[in-house]
Amino acid sequence: MFGLVARSQVMATLPEITALLGEARFNWSDPEPWNGLERELGVEFPADFREIVDAYGSIEVNKQLYLMHPAGHLLHDLGSFIRKDLELWRDEDMVEYLPSPVGANPGELIPVATATTGEAVFLRVPDESSSPWRVVVQEFDSPAWTLYEMTFSEWFLAYLKGRDVTLCSRNFAPDGPFCQFLP
């Protein structure tokens with residue numbers, strides 16, 4: 001029901017993700033949307049998460065997983081998503097479904113992605129600045145959650161390879177991963 005998955009030994013890179021997902025076409029280079037969101041939340045997002053989202057923008061992966069970019073001109077932007085989900089997960093009826101509170105303080109969870117299959121993906125803020133960020137996936141239809149001792153890029157690469165990281169792409173992408181760009 002609740003779990004911890006050991007850290008993988010290989011650090012994922014954007015070229016490995018691109019080899020599976022296809023060419024990145026968003027290729028955002030202006031740091032201001034990230035800077036503004038980070039100032040608002042009081043936390044700096046991990047570099048690997050920013051690199052993937054800057055490369056691909058707001059996308060739907062395998063008709064299952066939604067990733068969003070913080071650029072405010074996008075219909076599906078990360079800042080709006082985070083604000084809405086922080087409110088949802090702070091509701092007293094929802095707090096029991098997560099291993100720790102949502103927010104930007106050490107040990108708290110920041111919602112960063114969602115899935116059509118009912119899962120929510122969070123980045124866990126490290127307890128110490130020298131510690132790595134981790135991924136928590138919550139199954140919305142149950143109180144189950146899993147902490148993955150992986151960086152976001154490691155978790156995302158495992159998902160793209162069809163490994164079971166609570167979300168599993170095998171049924172959604174039997175011929176290999178793909179993405180659609182969101183407006």
Can you get from [X] to [Y] by hopping between Ile, Leu, Val, Met, Phe, Trp and Tyr side chains that sit under 4.5 Å apart?
{"X": "Phe181", "Y": "Leu21", "result": "yes"}
{"X": "Ile82", "Y": "Val95", "result": "no"}
{"X": "Phe172", "Y": "Phe178", "result": "no"}

Atom [atom1] in [X], atom [atom2] in [Y]: separation rounded to 0.5 Å?
{"X": "Leu182", "Y": "Leu67", "atom1": "CG", "atom2": "CG", "result": "9.0 Å"}
{"X": "Ile17", "Y": "Ile52", "atom1": "CD1", "atom2": "CD1", "result": "3.5 Å"}
{"X": "Leu86", "Y": "Asp91", "atom1": "CG", "atom2": "CG", "result": "13.0 Å"}
{"X": "Phe81", "Y": "His76", "atom1": "CZ", "atom2": "NE2", "result": "12.0 Å"}
{"X": "Lys161", "Y": "Glu16", "atom1": "NZ", "atom2": "CD", "result": "6.0 Å"}

Using modelled atom types and a 3.5 Å cut-off, is there a donor and acceptor pairing between side-chain atoms of [X] and backbone atoms of [Y]?
{"X": "Glu108", "Y": "Ala104", "result": "yes"}
{"X": "Ser153", "Y": "Asp48", "result": "no"}
{"X": "Tyr148", "Y": "Thr166", "result": "yes"}

Legend entry - Pair Glu32 + Arg39: basic N to acidic O under 4.0 Å: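 Yes, Glu32 and Arg39 are salt-bridged.
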
Search all heavy atoms of [X] against all heavy atoms of [Y] and return the closest pair with its distance.
{"X": "Asp93", "Y": "Tyr97", "result": "O-CE1, 3.3 Å"}
{"X": "Ala158", "Y": "Val165", "result": "CB-CG1, 3.8 Å"}
{"X": "Val53", "Y": "Pro70", "result": "CG1-CD, 4.2 Å"}
{"X": "Ala55", "Y": "Leu14", "result": "CB-CD2, 3.9 Å"}
{"X": "Leu65", "Y": "Ala113", "result": "CD1-CB, 4.0 Å"}
{"X": "Glu154", "Y": "Thr151", "result": "OE1-N, 2.8 Å"}

Inset, instruction - Applying side chain to side chain contact (heavy atoms under 4.5 Å, CB included), run through Gln138 and Met94 and close with a yes or a no. - result: CA-CA 11 Å; Gln138 196 281 333; Met94 300 302 291; over 6 Å; no

Would you say [X] and [Y] make side-chain contact, with heavy atoms under 4.5 Å?
{"X": "Leu157", "Y": "Leu20", "value": "yes"}
{"X": "Val135", "Y": "Phe156", "value": "no"}
{"X": "Thr116", "Y": "Lys63", "value": "no"}
{"X": "Lys84", "Y": "Pro111", "value": "no"}
{"X": "Arg134", "Y": "Leu147", "value": "yes"}
{"X": "Pro46", "Y": "Leu123", "value": "yes"}
{"X": "Arg83", "Y": "Glu40", "value": "yes"}
{"X": "Val102", "Y": "Asp85", "value": "no"}

Inset, instruction - Using the side-chain hydrogen bond (donor to acceptor under 3.5 Å, both in side chains) rule, collect all pairs that involve residues 17-30, keeping only residues at least two apart or in two chains. - result: Thr18-Tyr56

Do [X] and [Y] make the cut of ring centroids closer than 6.0 angstrom?
{"X": "Phe26", "Y": "His69", "value": "yes"}
{"X": "Phe152", "Y": "Trp133", "value": "no"}
{"X": "Trp89", "Y": "Phe140", "value": "yes"}

Inset, instruction - Report the C-alpha distance between Ile110 and Val125 in whole Å, list the side-chain angles of each, state the deciding distance to 0.1 Å, and finish with yes or no for side chain to side chain contact (heavy atoms under 4.5 Å, CB included). - result: CA-CA 7 Å; Ile110 299 175; Val125 181; 3.9 Å; yes

Inset, instruction - Could you check Met68 against Leu74 for side chain to side chain contact (heavy atoms under 4.5 Å, CB included), going step by step and ending with a plain yes or no? - result: CA-CA 9 Å; Met68 289 148 277; Leu74 298 170; over 6 Å; no

Inset, instruction - Check the side chains of Ser131 and Glu128 for a donor-acceptor pair under 3.5 angstrom, ignoring hydrogens and angles. - result: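 Side-chain D/A pair, Glu128 to Ser131: absent.
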
Legend entry - Atom CD of Glu44 with >12 non-hydrogen neighbours under 6.0 angstrom: no

Inset, instruction - Please report the C-alpha distance between Tyr159 and Val121 in whole Å, then the side-chain angles of each, then the deciding distance to 0.1 Å, and finally whether the side chain to side chain contact (heavy atoms under 4.5 Å, CB included) criterion is met. - result: CA-CA 12 Å; Tyr159 166 76; Val121 180; over 6 Å; no

